[in-house]
Amino acid sequence: MARILITSALPYINGIKHLGNLVGSQLPADVYARYMRARGHEVLFICATDEHGTPAELAAAATGEPVAEYCARLWTVQKEIADGFGLSFDHFGRSSSPQNHRLTQHFAGRLADAGLIAEVAEKQVYSRADGRFLPDRYITGTCPNCGYERARGDQCENCTKQLDPTDLINPRSAISGSTDLEIRETKHLYLRQSLMRNKLRDWIDSKTDWPVLTTSIARKWLDDGEGLQDRGITRDLDWGIPVRRGTEPWPGMEGKVFYVWFDAPIEYIGATAEWADAHPDAGGWERWWREDGGAADVRYVQFMGKDNVPFHTLSFPATLLGANADGAETWKLVDYIKSFNYLNYEGGKFSTSEGRGVFMDQALEILPADYWRWWLMSNVPEGSDSNFTWESFQAGVNKDLADVLGNFVSRVTKFARARFGDTLPEGGAHGPQELALIGELQRGLDSYQAMMDGMAFRRASQDLRQIWVLGNEYLQSAAPWAAFKSDPDRAAATVRFAFNLIRLYAILSRPFLPEAAARMLAALGHPEDTWPTDVAEALATLGPGHRFEVPEVLFAKIDDARRIELEARFSGAG
RNA sequence: GGGCCCGUAGCUCAACGGUCAGAGCAGAGCGCUCAUAACGCUUUGGUUGCAGGUUCGAAUCCUGCCGGGCCUACCA
């Protein structure tokens with residue numbers, strides 16, 4: 001039995017996430033976590049909301065709530081939606097937790113002790129009307145290059161030229177529109193990642209099994225231009241983790257907070273500490289995060305969209321490695337990063353601002369989670385960006401779930417009920433057909449497991465579907481409806497075997513389809529449900545006399561009228 | 001501008017440099033009648049973006065071109 005730590009990239013607190021966000025980290029992480037638990041491994045699956053930063057403050061201001069209340073409310077909203085999708089986090093934390101405050105301050109202190117923090121005086125734009133410093137992208141003005149009037153302080157969207165806020169003509173606050181701006185000097189802490197460039201490169205180079213998408217992004221940042229740059233880790237904001245050097249005050253940094261990209265990944269550890277505090281018998285968070293605290297045998301897998309790769313390949317490892325500069329704290333580094341491309345919506349991007357695409361709360365209002373889980377995972381953007389269309393969604397749901405799996409369960413249970421009553425019949429035994437099928441199922445299972453172990457989710461979903469298809473092929477060739485008339489014992493044996501297939505399918509499908517699997521097992525009276533090691537043995541579980549029920553339709557089809565209605569509703573027009 | 005990735009059947013995707021480039025969906029034909037008009041079998045369909053090169057052998061490696069996508073450090 002292995003010990004596996006799984007983290008999903010932290011969803012930002014600012015609003016409800018869309019299907020692209022879901023499929024890019026939380027959902028594949030959940031499927032993997034469920035699979036590994038089913039295989040008998042000790043799994044800790046961690047996620048949390050990422051709550052700090054300017055967008056959270058602005059979103060709170062827009063609703064008139066204090067930012068802490070806003071975040072607490074949105075955390076509850078996100079938690080309920082995650083539960084609705086069956087995301088089986090062992091803990092869903094908050095980056096604003098006291099545990100994360102302590103850890104973030106601790107890391108900053110350790111990094112400072114190791115000489116990896118620099119204090120830098122810099123000039124930033126301050127808005128007197130807003131009473132705050134403005135990040136570059138919250139300053140707008142006229143682009144000096146192309147004359148576009150709504151250029152942002154970091155880049156002009158029109159001509160794509162990189163800008164400095166002081167370049168802008170007629171600069172104003174994007175928050176209030178005020179032009180009452182001034183340049184103020186302020187002091188900030190920088191993480192001296194540049195000093196760790198070689199150490200980080202050696203570490204990246206040792207990861208020969210990582211996806212190209214992951215390592216190429218990391219190498220680009222390490223070596224592009226002048227190489228890995230130091231990064232500011234503090235901000236002049238109110239909402240965030242106060243700057244402290246460990247447990248001590250940090251002279252000159254009063255009133256400042258750590259910047260969100262520094263404290264967000266630390267919340268993986270913080271959330272584990274939240275979990276450990278809630279589960280005193282679990283042995284403590286160190287068991288998962290400190291090699292000198294019991295985590296030496298942990299395999300740590302991270303799931304994220306490609307936009308998050310630089311932070312997880314460079315900044316966060318720099319934090320963990322830097323905190324161990326004296327060898328006194330051996331932090332657990334990630335063993336494998338599974339990164340994803342983007343999911344598009346009907347050929348374009350999901351857009352929060354334009355209301356284009358499907359958001360997680362809306363998805364659950366339309367159909368149960370399993371429908372979405374299946375389509376998203378069987379079309380997960382592993383190799384390149386993929387595209388959600390209602391037509392593809394309709395086809396995938398109807399064909400795979402309703403026709404292949406759902407109908408299989410339906411035809412088996414209804415036939416048995418009609419011919420044999422509400423318990424499995426006696427008589428007959430395995431013949432050559434059953435033996436051949438067992439062989440095919442065993443090969444299918446081996447392949448499915450190999451794909452799941454390797455996190456090749458598209459391939460895994462294809463293998464799973466093929467395993468379902470084998471059931472329909474078997475019924476067609478065994479034809480118990482014909483055998484019933486000439487050789488009832490033969491039909492009885494076929495029916496018993498088919499019921500054992502339903503049980504097997506429920507177990508194997510559970511990582512993807514937890515609700516449907518539960519309903520299948522419930523129809524069988526909740527039989528033993530551990531992951532099979534030997535297919536033949538697994539298919540001998542339900543015997544004569546076993547009671548069953550005919551379940552409600554497992555998956556309803558989406559008809560054309562419904563699809564057209566949904567297409568129109570989510571086009572972004574309204 | 002720089003870097004990375006991609007381009008394979010009508011669609012979505014596979015294929016350690018090595019049997020006739022494979023699946024699913026869609027299309028066609030046949031079968032079955034237990035089932036959600038479901039299922040099964042058979043079948044149509046590709047000059048692997050274009051042009052060169054390396055090799056006994058290229059979808060795969062190299063060069064150029066065409067087309068698409070992503071990243072580019074203060075969004076997180």
Side-chain angles (χ1 to χ4, degrees), chain A residues 9-14 21 50-56 95 124-125 133-139 152-155 160-162 164-165 193 211-213 215-217 219-221 223-225 228-232 235 259-261 264-265 305-311 314-315 341-342 344 378-379 381-387 389 391-392 394-396 398-419 456 458-459 461-463 465-466 469 471-484 491 494-495 498 550 552-557:
Chain A
L10 307 188
Y12 196 66
I13 193 70
N14 181 10
N21 300 126
D50 176 10
E51 303 193 357
H52 298 132
T54 310
S95 68
Q124 280 199 331
V125 174
F133 284 91
L134 296 177
D136 288 354
R137 66 178 304 162
Y138 286 107
I139 304 159
R152 294 190 321 213
D154 54 346
Q155 186 179 37
T160 73
K161 186 177 171 58
Q162 304 278 322
D164 190 88
Q193 321 185 103
V212 178
L213 181 66
T215 52
S216 65
I217 291 172
R219 289 210 173 83
K220 159 78 168 162
W221 281 52
D223 295 324
D224 187 47
L228 186 61
Q229 300 294 298
D230 295 342
R231 294 193 66 153
R235 286 292 180 276
Y259 184 44
V260 56
W261 78 253
K306 58 188 167 185
D307 53 328
N308 256 317
V309 168
F311 300 98
L314 302 169
S315 306
N341 289 285
Y342 290 145
N344 289 318
S378 55
N379 294 277
E382 276 174 326
S384 58
D385 290 356
S386 61
N387 189 30
T389 66
E391 206 172 316
S392 171
Q394 177 192 28
N398 288 357
K399 214 54 213 172
D400 299 347
L401 296 182
D403 292 347
V404 177
L405 177 61
N407 182 54
F408 175 76
V409 173
S410 182
R411 67 195 294 202
V412 168
T413 52
K414 286 184 179 174
F415 177 78
R417 161 63 54 87
R419 298 292 193 281
R458 269 179 186 252
R459 301 288 297 280
S461 70
Q462 288 171 14
D463 283 345
R465 189 197 134 101
Q466 181 53 35
V469 166
N472 284 313
E473 291 177 1
Y474 168 71
L475 282 188
Q476 184 66 30
S477 67
W481 48 89
F484 184 74
T494 299
V495 162
V550 177
E552 293 294 308
V553 167
L554 272 186
F555 298 101
K557 291 201 187 196

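In what follows, chains carry the letters A, B, and so on, assigned in the order in which the sequence lines appear, proteins first and then strands, with residues in each chain numbered from 1. As a basis for the values below, the full set of heavy atoms in this structure was taken, side chains included, without hydrogen atoms, waters or symmetry mates. All values reported here derive from a predicted model rather than from experimental measurement.
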Result for 5'-nearest mapping on RNA chain B, choosing between A:Glu51 and A:Ala416, is A:Ala416
So what does A:Phe408 touch, heavy atoms closer than 4.0 Å: a base, only the sugar-phosphate, or nothing? nothing
Sugar-phosphate only, base, or nothing, as touched by A:Val553 at under 4.0 Å among non-hydrogen atoms: base
B:rC25 P sits how many Å from A:Lys557 NZ, rounded? 12 Å
Closest nucleotide of RNA chain B for A:Gln462 versus for A:Val260: which of these residues is on the 5' side? A:Gln462
Is there a Watson-Crick or G-U wobble partner for B:rU48 with both distances under 3.5 Å, and if so, which one is it? none
What is the distance, rounded to the nearest whole Å, between atom CG of A:Leu405 and atom C1' of B:rC39? 13 Å
On a whole-Å scale, what distance lies between the P atoms belonging to B:rC61 and B:rC4? 15 Å
What is the distance, to the nearest angstrom, from the CD atom on A:Glu382 to the P atom on B:rC6? 14 Å
Could you tell me the separation between the CG atom of A:Asp400 and the C1' atom of B:rC11, rounded to a whole number of Å? 15 Å
hbond_proxy A:Asn407 side chain to B:rA35 base (donor-acceptor, 3.5 Å cutoff): yes
In terms of side-chain heavy atoms of A:Trp481, which of B:rC71, B:rG40, B:rC32 is nearest? B:rC32
Looking only at the side chain of A:Asn379 (C-beta and beyond, no hydrogens), which of the listed nucleotides B:rC13, B:rC74, B:rU12 gets closest? B:rU12
